[in-house]
There are 2 protein chains.
Amino acid sequence: MRMTALPPPWDSVDDRLRARGLRWTPQRATVIEVLAEADGHVSGAELVERCRLRDPSTIPSTVYRTLDVLEELGLVRHGHGPDGREEFHVRPVEEHGHLHCAECGNSWELGNERAAAVADALRATDGFEIDIGHVTLVGRCRDCAAGA
Amino acid sequence: MRMTALPPPWDSVDDRLRARGLRWTPQRATVIEVLAEADGHVSGAELVERCRLRDPSTIPSTVYRTLDVLEELGLVRHGHGPDGREEFHVRPVEEHGHLHCAECGNSWELGNERAAAVADALRATDGFEIDIGHVTLVGRCRDCAAGA
DNA sequence: CTGTCTATTGCAACGTTTCGCAATAAGCCT
DNA sequence: AGGCTTATTGCGAAACGTTGCAATAGACAG
């Protein structure tokens, strides 16, 4: 039924799972297919919904457990949006963070170099290596701060 | 039934509510009493549980709604723990952040001055005024980073 | 003290995510 | 192809929060 082969890094997931004593199942294949088409950010609920589109018998807990496994393989990373809900970084091409303005509600990405400045500040004071992509930093953007 | 008056800033909450056209109710009094004894950090679930101890008829949604109101008055601030769950900063004596090591699971507070370094780094690059207390920064602590 | 206005409550249902457990089915060996 | 082992699944329940709505009850004016 599948017309095209999955693009890397998704093409060899089945072998990588088996190499670890884990198993390749149709449910996992569904999640992988959805992820392969979803580069960027997706919430857990979105992922479940898209899987259900392909396979109406999809069970949420299976999706979440598959995501856990894929995170161990390094294929996705989970983080948390401004409201604390789960958010998955798919195929993280580049490390980046997220900013969210509590006043106007807008969000921005925090690119590599600028994220590095934050990471450096923490490393210098605490020796702490922050995972900048894990949480959404909340505060007020330049414009809202100026207006208040 | 209450033996002692509430300490500031809790002593005049009723008047401050009324001054805004809001109301002083027994349910809100219960939440205030619990908060007055809980300086520091408390999760939403803990707050509900402690309220239920005083008043078994406590309803969760009422507690959460009261917390929203108190946040508007500036008496509490909500944030998110490493797992994204809600966490309330009660009577924030000093602004501070939180660090959590994903490897060893320990957590630390990020005091005023060190938090300022992070805030400065962001302000310099984006003009973004971070609310450092809102989220728990996740990463690896000095020891875990060294060991890996 | 009574009446009016509307903020708040209680309740029930929902959304997101996690967990335990018994049944199923991958993977592998012969 | 058949059998064994155990990773996964499906399912139900639970934890944490949020939301809509009708009923209740603060606050204030007269």
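Labels below follow one simple rule: chain letters A, B, ... track the order of the sequence lines, proteins then strands, and each chain is numbered from 1.
- One can place CG of L47(B) at 13 Å from C1' of dC16(D), the figure rounded to the nearest angstrom.
- In this entry the distance linking CZ of R65(A) with C1' of dT8(D) reads 7 Å, nearest Å.
- Between E46(A) atom CD and dG15(C) atom P there is a gap of 15 Å when expressed in whole angstrom units.
- Within 3.5 Å, no donor on the side chain of R20(A) pairs with an acceptor on the base of dG27(C), nor the reverse.
- Considering only side-chain N and O atoms, R23(A) lies nowhere under 4.0 angstrom from the phosphate OP1 or OP2 of dT8(D).
- For the pair Y64(A) and dT17(C), the criterion of a side-chain N or O lying under 4.0 Å from OP1 or OP2 is met.
- The residues R18(B) and D15(B) are annotated as salt-bridged, a charged nitrogen and a carboxylate oxygen being separated by less than 4.0 angstrom.
- Look at R54(A) and E37(A) and you find a salt bridge, because one of the NZ, NE, NH1 or NH2 atoms lies within 4.0 Å of a carboxylate O, short of that distance.
- Rounded to an integer number of Å, the gap from CG of L67(B) to P of dT18(D) is 10 Å.
- The residues R140(B) and E129(A) are annotated as not salt-bridged, no charged nitrogen and carboxylate oxygen being separated by less than 4.0 angstrom.
- Residues E71(A) and R77(A) are not paired through a salt bridge, judged by the lack of any N-O separation under 4.0 Å between the basic side chain and the carboxylate.
- Separating the CZ atom of R18(B) from the C1' atom of dG26(D) is a distance of 9 Å, rounded to the nearest angstrom.
- What separates CD of E49(A) from C1' of dT17(C) is a distance of 16 Å, to the nearest Å.
- Residue-to-nucleotide proximity on DNA chain C shows that, of G21(B) and G84(A), the 5′-proximal contact is made by G21(B).
- In this structure, D14(B) atom CG and dA7(C) atom C1' are separated by 16 Å, rounded to whole Å.
- Taking for each of S57(A) and A45(B) the nucleotide of DNA chain D with the nearest heavy atom, the 5'-most of the two is the partner of S57(A).
- Rounding to whole angstrom units, NE2 of residue H78(A) and P of dT16(C) are separated by 17 Å.
- Using a 4.0 Å heavy-atom cutoff across all strands shown, S61(A) reaches at least one base atom of the nucleic acid.
- In terms of position on DNA chain D, the residue among E86(B) and R28(A) whose nearest nucleotide sits closer to the 5' end is R28(A).
- Taking 4.0 angstrom as the limit, Q27(B) places a side-chain polar atom (N or O) nearer than this to OP1 or OP2 of dG10(C).
- Proximity note for R85(A) (side chain, C-beta onward) versus dT9(C), dG26(D), dT16(C): the nearest is dT16(C).
- A sub-4.0 Å separation between OP1 or OP2 of dG10(C) and a side-chain N or O of T62(B) is present.
- Between H96(B) and H41(B), the ring planes are perpendicular. Angles over 60° get that label, and only those under 30° would be called parallel.
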